[in-house]
Protein chains: 2
Amino acid sequence: MNRSEQKRQSILNAAKQEFIENGFAGSNMNTVCDKAEVSKRTLYRHFESKELLFEAVLTIEQQQLEALRDYRFEPKVDLRQQLISITQQEAQRLLAPHGMALARMVVMEFFRQPQMAKALSERLYHTHAVTPWLQQAIAAGAIKSVDANDAAEIYMALFNGLFLWPQILQLAQPMAATELGSKIEVVVDTFLNSYGNCESTQ
Amino acid sequence: MNRSEQKRQSILNAAKQEFIENGFAGSNMNTVCDKAEVSKRTLYRHFESKELLFEAVLTIEQQQLEALRDYRFEPKVDLRQQLISITQQEAQRLLAPHGMALARMVVMEFFRQPQMAKALSERLYHTHAVTPWLQQAIAAGAIKSVDANDAAEIYMALFNGLFLWPQILQLAQPMAATELGSKIEVVVDTFLNSYGNCESTQ
DNA sequence: CTTTAAGTAAACTTGAGAGTGTACTTTTGG
DNA sequence: CCAAAAGTACACTCTCAAGTTTACTTAAAG
């Protein structure tokens with residue numbers, strides 16, 4: 001079953017590109033076929049509908065992202081440094097080649113078909129990957145003893161408010177490296193000013 | 001020209017309702033005609049296309065909102081109380097009958113036609129109505145002397161992260177009054193912990 | 001009272017694009 | 001080798017909704 005699998009991959013790649021460029025509604029199945037060098041009938045044998053193809057693309061993307069996010073609290077490392085490092089990684093993920101385009105695509109689908117994209121997108125961009133780290137930090141006494149989910153909500157509000165939304169909505173220019181660095185510090189320091197325990201690191 | 005104006009209003013009302021319920025793409029011009037009790041030809045005499053009708057609806061909405069937001073810093077009133085009051089007003093605006101639906105509609109349009117909705121939405125939800133207030137508060141020494149726009153960005157990140165996005169994306173249930181109150185305090189306190197001058201109000 | 005701008009109803013055109021049917025060829029596993 | 005599973009080409013159907021045409025009626029200003 002080798003050729004079949006190749007075709008399937010080819011379709012998924014073409015579809016990903018097409019969806020990123022044009023969103024769900026704007027994407028054209030004929031174009032996907034052409035890009036994938038596959039006949040329409042073949043595409044529809046692998047994926048029964050545009051909807052299912054889209055879900056398949058998102059699912060794969062989600063799994064790839066998931067594998068990269070596993071933050072562990074290190075009691076011996078400076079708290080602020082750890083959170084800066086996490087924030088840097090998250091920011092890089094977002095600013096990576098297709099990171100923002102993908103994020104935009106996913107958010108769009110919320111508006112189109114909430115029930116469909118919901119589970120996927122929650123995991124993609126709304127699972128608070130920092131939550132486990134925060135739980136450990138709270139247990140270790142490095143972060144004030146609040147609910148880790150509440151703290152994560154604040155951290156994500158700051159992060160998304162400075163990195164995700166301005167870029168997704170294209171209200172802001174692509175960020176320069178120095179600007180990125182200073183915004184990361186703002187996010188981390190604003191968060192730690194309210195939730196950090198005793199370490200004034202400003 | 002009285003009947004004509006009545007028809008126009010009727011069309012705008014029907015369109016607003018339709019757009020709120022179904023978004024731009026999902027809205028049907030025939031349905032708008034029916035709701036407005038107007039013939040299709042009449043609708044198209046008033047608004048040359050769906051696009052122009054949509055813009056007209058948004059423009060009117062924007063003008064109505066604009067009139068309500070004019071926050072002034074009062075040196076004699078407690079800083080935290082002022083910011084809580086502002087935050088309450090903004091939250092109420094968002095949670096008002098059609099506030100969220102409208103916000104969703106506007107955000108959607110960013111994805112469809114950035115250049116069109118950009119100016120409108122910036123003013124609707126991304127003009128930082130708090131910026132003038134912050135400028136005055138900084139001048140009065142109540143807020144640390146940072147750039148008012150930077151501070152506004154943080155405040156809005158917190159506000160939108162807790163109120164706008166979870167609701168728009170329908171990740172959260174509609175909020176209970178007590179929850180609303182405590183979230184308002186979280187926003188304000190997190191902000192003031194980093195930007196307030198000397199008034200520890202926790 | 002009549003002209004003209006506005007409104008009505010309903011059938012119609014149009015375009016786009018998702019998905020299918022059909023007749024054919026290629027791959028591949030037993 | 002040879003069935004059957006997979007792929008190809010492409011013309012076709014179906015649907016949906018934006019916008020138009022047509023033949024007509026109504027409102028109102030000079």
Side-chain angles (χ1 to χ4, degrees), chain A residues 1-60 105 108-109 111-117 120, chain B residues 1-59 104-105 108-109 111-113 115-117:
Chain A
M1 304 288 156
N2 200 4
R3 187 173 58 143
S4 197
E5 191 52 32
Q6 281 174 1
K7 294 284 171 185
R8 188 187 184 84
Q9 286 308 320
S10 173
I11 293 166
L12 284 168
N13 288 337
K16 176 179 163 186
Q17 202 188 324
E18 177 79 356
F19 285 135
I20 281 176
E21 280 167 18
N22 310 306
F24 181 86
S27 290
N28 184 315
M29 295 298 264
N30 293 316
T31 308
V32 174
C33 294
D34 293 351
K35 273 187 191 159
E37 292 181 308
V38 140
S39 76
K40 208 168 179 182
R41 220 66 192 79
T42 298
L43 185 156
Y44 276 97
R45 195 164 286 131
H46 282 288
F47 304 95
E48 283 189 336
S49 69
K50 194 181 183 182
E51 201 97 342
L52 290 172
L53 176 55
F54 186 75
E55 286 183 40
V57 169
L58 283 194
T59 304
I60 288 168
M105 184 175 96
M108 276 185 71
E109 288 326 299
F111 295 108
R112 244 186 38 81
Q113 283 282 345
Q115 65 282 13
M116 171 186 124
L120 287 168
Chain B
M1 303 288 158
N2 201 1
R3 187 173 59 144
S4 196
E5 191 50 32
Q6 280 174 4
K7 294 286 172 183
R8 188 189 182 84
Q9 286 308 319
S10 173
I11 293 166
L12 284 168
N13 287 337
K16 176 180 162 184
Q17 202 189 323
E18 176 79 356
F19 284 135
I20 281 175
E21 279 166 20
N22 310 307
F24 180 86
S27 290
N28 185 316
M29 294 298 262
N30 293 316
T31 309
V32 173
C33 294
D34 293 352
K35 274 187 191 159
E37 292 181 306
V38 138
S39 76
K40 211 168 178 182
R41 213 63 196 81
T42 297
L43 186 156
Y44 276 99
R45 196 166 284 134
H46 281 288
F47 304 96
E48 283 190 335
S49 70
K50 195 181 184 181
E51 199 96 345
L52 290 172
L53 176 56
F54 185 76
E55 286 183 41
V57 169
L58 282 194
T59 303
R104 183 178 296 122
M105 187 174 92
M108 276 185 70
E109 287 326 297
F111 296 108
R112 247 183 36 80
Q113 283 283 344
Q115 65 282 13
M116 170 185 124

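All chains are named by letter (A, B, ...) in the order of the sequence lines, taking the proteins before the strands, and each is independently numbered beginning at 1.
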Once you round it to whole Å, what is the distance between P of dG19(C) and CD of Glu51(A)? 8 Å
Once you round it to whole Å, what is the distance between P of dG17(C) and CZ of Phe19(A)? 13 Å
For atom CG of Asn22(B) and atom C1' of dC16(D), their distance in whole Å: 15 Å
Please report the C-alpha distance between Lys35(A) and Glu21(A) in whole Å, then the side-chain angles of each, then the deciding distance to 0.1 Å, and finally whether the salt bridge (charged side-chain N to carboxylate O under 4.0 Å, His left out) criterion is met. CA-CA 13 Å; Lys35(A) 273 187 191 159; Glu21(A) 280 167 18; 3.5 Å; yes
Confirm from the modelled atom types if Arg3(B) and dG7(C) form a donor-acceptor pair under 3.5 Å, side chain to base only. no
Does a side-chain N or O from Ser4(B) land closer than 4.0 Å to OP1 or OP2 of dG7(C), or not? yes
Does any N or O donor sit under 3.5 Å from an N or O acceptor when you compare the side chain of Lys40(B) with the base of dG19(D)? yes
Provide, to the nearest angstrom, the distance between the OH atom belonging to Tyr44(B) and the C1' atom belonging to dC12(C). 14 Å
Using a cut-off of 4.0 Å on non-hydrogen atoms, how would the nucleic acid contact of Glu37(A) be classed: base, sugar-phosphate, or nothing? sugar-phosphate
Looking for any heavy atom pair under 4.0 Å, which part of the strands does Ser27(B) touch: base, sugar-phosphate only, or nothing? sugar-phosphate
Counting side-chain heavy atoms from CB outward, which of dG19(C), dG19(D), dT8(C) is closest to Val38(B)? dT8(C)
Of all the nucleotides listed (dT28(C), dG7(D), dG19(C)), which has the minimum atom distance to the side chain of Asn2(A)? dT28(C)
OP1 or OP2 of dA6(D) versus the side-chain N and O atoms of His46(A): is any pair under 4.0 Å? no
How long is the line joining CG of Asn30(A) and C1' of dA18(C), in whole Å? 8 Å
Between CD1 of Ile11(B) and P of dT8(C) the distance, given in whole Å, is 8 Å
Any donor-acceptor pair under 3.5 Å joining the side chain of Lys7(A) to the base of dG7(D)? no
Kindly assign one of parallel, tilted or perpendicular to the pair Phe19(A) and Phe24(A), based on the angle between their ring planes and the thresholds 30° and 60°. parallel
Go through the structure and list residues passing side chain to side chain donor-acceptor pair (under 3.5 Å) with Lys40(A), not counting sequence neighbours. Asn30(A)
Rounded off to whole Å, could you give me the CG-to-C1' distance for the Asp34(B) and dA10(C) pair? 12 Å
Could you tell me the separation between the CZ atom of Arg8(A) and the P atom of dA5(D), rounded to a whole number of Å? 18 Å
Taking Ser27(A) for the side chain and Gly23(A) for the main chain, is one N or O donor matched with an acceptor at less than 3.5 Å? yes
For a quick test of reading the model: is some side-chain N or O of Thr42(B) closer than 4.0 Å to OP1 or OP2 of dT8(C)? yes
Working to the nearest 0.5 Å, report the span between CZ of Arg45(A) and CD1 of Ile11(A). 10.5 Å
Let me know, please, whether Asn28(A) or Arg41(A) comes out on the 5' side of the other along DNA chain C by nearest nucleotide. Asn28(A)
Please determine, for the side chain of Met29(A), which listed nucleotide (dT20(D), dA18(C), dA6(C)) has the closest atom? dA18(C)
